[in-house]
Every structure is written in C-alpha cells, then in structure tokens.
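Keep in mind that what you see is a predicted model, and the values were worked out from it rather than measured. In what follows, chains carry the letters A, B, and so on, assigned in the order in which the sequence lines appear, proteins first and then strands, with residues in each chain numbered from 1.
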2 protein chains.
Amino acid sequence: MSTAIDIPSLLRGHGFRLTPQRLTVAELVLSKPAHVTARKVYQTLKEDHPALSLNTVYLTLGQFEKSGLLNRFEINGNAVFDSNTMPHNHACCSCCGVIIDLPVHQMEQQAPSLLNQWQIQTEHRIWVGLCPNCMDEDRAGKMNKSGVGSI
Amino acid sequence: MSTAIDIPSLLRGHGFRLTPQRLTVAELVLSKPAHVTARKVYQTLKEDHPALSLNTVYLTLGQFEKSGLLNRFEINGNAVFDSNTMPHNHACCSCCGVIIDLPVHQMEQQAPSLLNQWQIQTEHRIWVGLCPNCMDEDRAGKMNKSGVGSI
DNA sequence: TTCTTATATAGTAAATATTACTAATAGTTG
DNA sequence: CAACTATTAGTAATATTTACTATATAAGAA
C-alpha cells in the first residue's frame, strides 16, 4: 500500500543482522533522501534511542557505505553520507549548510539551472582515481598502500 | 635576471611583517605551484627550521588564504592549500595522493583530456554559496552565523 | 524452545586535525 | 635606540574519527 522502502529486507539482503541500532539508523538515512554526518545522526536519534552510541553510528554508516547503500563525500572537513547513490553533484549553502542534489546531465559548463536562485561563491570539481604512475605500479604488482593520506 | 617571485615584496604588499617563519613558509608555498597541507609544510620545513611550530604553519596558511595568496579546498578530510588562485579544478590520485590542476574551460561534460591517462574512480562537483532562504535572511539583516558546520 | 556462535555494541581510549589562549619575542617605525 | 604592535611557541582545548575489548544479542541449529 506504499512505496516505502522495506528497511529490514534491505538490510538482510546486504547480509546485515537486524539490530535496533542499525534499524534506527537505517530508517533515518536510507528510507528517504538524506545528507547526514555521523554526529547529526547521533544527535537526531539519541534522545529517543539511548541505546545508541556515536561509535555505532560511525561504524554503521561506514558499513552502509561499503555495501553501496550510501555514498560518502567531504564538505568543510566533514564526512557527509548521501542516500542518493546515483551519480549527481551537490550545492552547499555556506550560511545554513543545506546540501541539495544537482543533476549531472546538463551540457552547460555553468552552474545548472537549479542554482538560478543561489548566489554562488565558489565552485569546485574534483576527480579521484589512479594517476598514470600508480597505474603502472599497479600493473607491476608494486602498488603501495600509502593512500591519499600522503598528500 | 629571473621571473622568480619576490616573496618579501609580495608579503609586504599584503601588509605582512617579514619574519623568518613567514618567509620560510611563503618560499615553500607561494614561489611555485603547490598543493600542500599544514602538516606537510611543517614536516618539510621543521628540520631546517626548528624555530617553526605547526601552530604557526596553520596560522600563516590561514593568513595567506585570507589575503588571497592561497586557495583552500578539502580532500579526504584534509584542508589543502593551493598556490594557484585562478579558477581551476583538480584531480587527486587515490593511491599516491598527488593532486594536479585541471582547466575549467572545456566544453565537455566528461573529464578533461588531461585525465586520458588516469583511471577515474569518482568525480564530484560542488558549488558553495548562499541558498535562496539565506539570501532572503541576509537582505532582511537577519543572517545567522551558524555557518556550514550545522550540516 | 534452548543452545551455540559469530556479529554487534557501548564504553573507553587513542590518533589526528584544527583552533584558542597567552606570555614572551621580535619586526617595524619614528 | 625606544616604543608599539604583530608574531610566535607552547600549551591546552575542541572536534572528528578510528581502535580495542568485554559484553550483549541476533540468527540459525538442535
């Protein structure tokens, strides 16, 4: 009678046990479009769910990301988890912090029309992947594990 | 006899005093194209310049950013300072962490040709500015100071 | 239902990044 | 050289995230 996501089935389908904590977090971040930080999830839920630790929120969001249920990106130094796992872009308000989704399929180089009402201050586009050097090392089986942290 | 940047003049022109610490940091990050974190600057310089604290590096990079000498962006949870203050985009290697500059003026929606040799894993595009709500509040003189941290 | 077992969790601590504060230092200007 | 003020190192505080561990518990087997 509704198109609501069946959270228990979704979690089981990804091999998760159905614990109250996990169900609560999933209900908040997977049942509807959401851009959340771990802290925000914890603050939102802790009152009604005292049996939930910030620790578990971090772990759970990380698990959901690994399972492809959430996407993760960085904004202003915080990890933001996004229930929209389809390719898309974002706009973030520097005043209130709201984040909105933007389509990727415009031909324009400029900001998409959804931003007509916004007063854009900065725009940033970043690609993450393997550079030619590391692809070579990868092929040679010598890929290091230093990761991006070495910047 | 060279086109090298005159760091002392540059700093004086922005109202900075010429201290050894500031000159050292400036020489590293302003005299040539650079993508650096505060920690990286500190680690690079501390051996030859014991009279330099990580604290000062943070402060100095922040001052340079405020003065428009550096641009700041986030990648993998770290603040990265970029001596290229002209509009441009970035690619970051998920293996070695190298960051390269990319032009903004291609018409293509796809990754720019500089990335032909890369194996791109993810792409992210983000616009930062004032949303319609906050623009209204701004006009009404009620702009809050909560900032992006409230996400 | 009861038992078994591996997973999940809270609590604690640790690691990392960044900012705040302060007393002492040291450029700069006159 | 003297005075003024920016600058700095050191320390501490804050915030985010990860690591570790003993306990609790969900899920499947008996």
Once you round it to whole Å, what is the distance between P of C:dA24 and CD of B:Gln21? 18 Å

Let me know which of A:Thr44, A:Val41, A:Leu70 forms a side-chain contact (heavy atoms from CB on, under 4.5 Å) with A:Val36. A:Val41

Between D:dC20, D:dA9, D:dT16, spot the one nearest the side chain of A:Asn55, thanks. D:dC20

Can you tell which of C:dT18, C:dG27, D:dA9 lies closest to the side chain of B:Thr56? D:dA9

Checking all strands, does A:Leu59 fall into the base, sugar-phosphate, or nothing category for heavy-atom contacts under 4.0 angstrom? base

Whole-Å distance between C:dA17 P and B:Leu61 CG? 14 Å

In sequence, state the C-alpha distance, the side-chain angles, and the governing distance for B:Asn89 and A:His124, and then conclude on side chain to side chain donor-acceptor pair (under 3.5 Å). CA-CA 6 Å; B:Asn89 295 311; A:His124 194 204; 5.3 Å; no

Touch class at under 4.0 angstrom, heavy-atom based, for B:Ala38 against every strand present: nothing

Where each residue is assigned the nucleotide of DNA chain C containing its nearest heavy atom, which of B:Leu54 and B:Arg12 is assigned the position nearer the 5′ end? B:Leu54

For atom CG of B:Leu11 and atom C1' of D:dT7, their distance in whole Å: 13 Å

Mind checking the CG-CG spacing from A:Leu130 to A:Asp136? Nearest 0.5 Å is all I need. 10.5 Å

Atom NE2 of B:His14 and atom P of D:dA6: how far apart are they, to the nearest Å? 18 Å

Separation of C:dA26 C1' from B:Phe16 CZ (nearest whole Å): 17 Å

Check whether any side-chain nitrogen or oxygen of A:Thr19 sits under 4.0 Å from OP1 or OP2 of C:dT9, and answer yes or no. yes

How close or far is atom P of D:dC4 from atom CZ of B:Arg17, stated in whole angstroms? 13 Å

B:Glu74 CD to D:dA15 C1', straight-line distance once rounded to whole Å: 14 Å

Using only side-chain N and O atoms of A:Gln63, determine if any of them is under 4.0 Å from OP1 or OP2 of C:dT7. no

Within the supplied structure, the quantity of interest is the number of heavy atoms (other residues, nucleotides, ligands) at a distance under 6.0 Å from B:Gln121 CD; does it exceed 12? yes

Go through the steps to decide whether A:Asn84 and A:His35 satisfy the test side chain to side chain donor-acceptor pair (under 3.5 Å), and finish with yes or no. CA-CA 9 Å; A:Asn84 181 353; A:His35 300 105; over 6 Å; no

Quickly work out the A:Lys66 NZ to C:dT7 P distance and round it to whole Å. 13 Å

Any N or O donor-acceptor pair linking the side chain of B:Arg22 to the base of D:dT7 at under 3.5 Å? no

Minimum-distance nucleotide (side-chain atoms of A:Arg39 versus C:dA17, D:dA9, D:dT16): D:dT16

Nearest to the side chain of A:Tyr58, heavy atoms from C-beta on, is which of C:dT9, D:dT8, D:dT16? D:dT16

Quick check for you: among D:dT18, C:dT19, D:dA9, whose closest atom lies nearest to any side-chain atom of B:Arg72? C:dT19

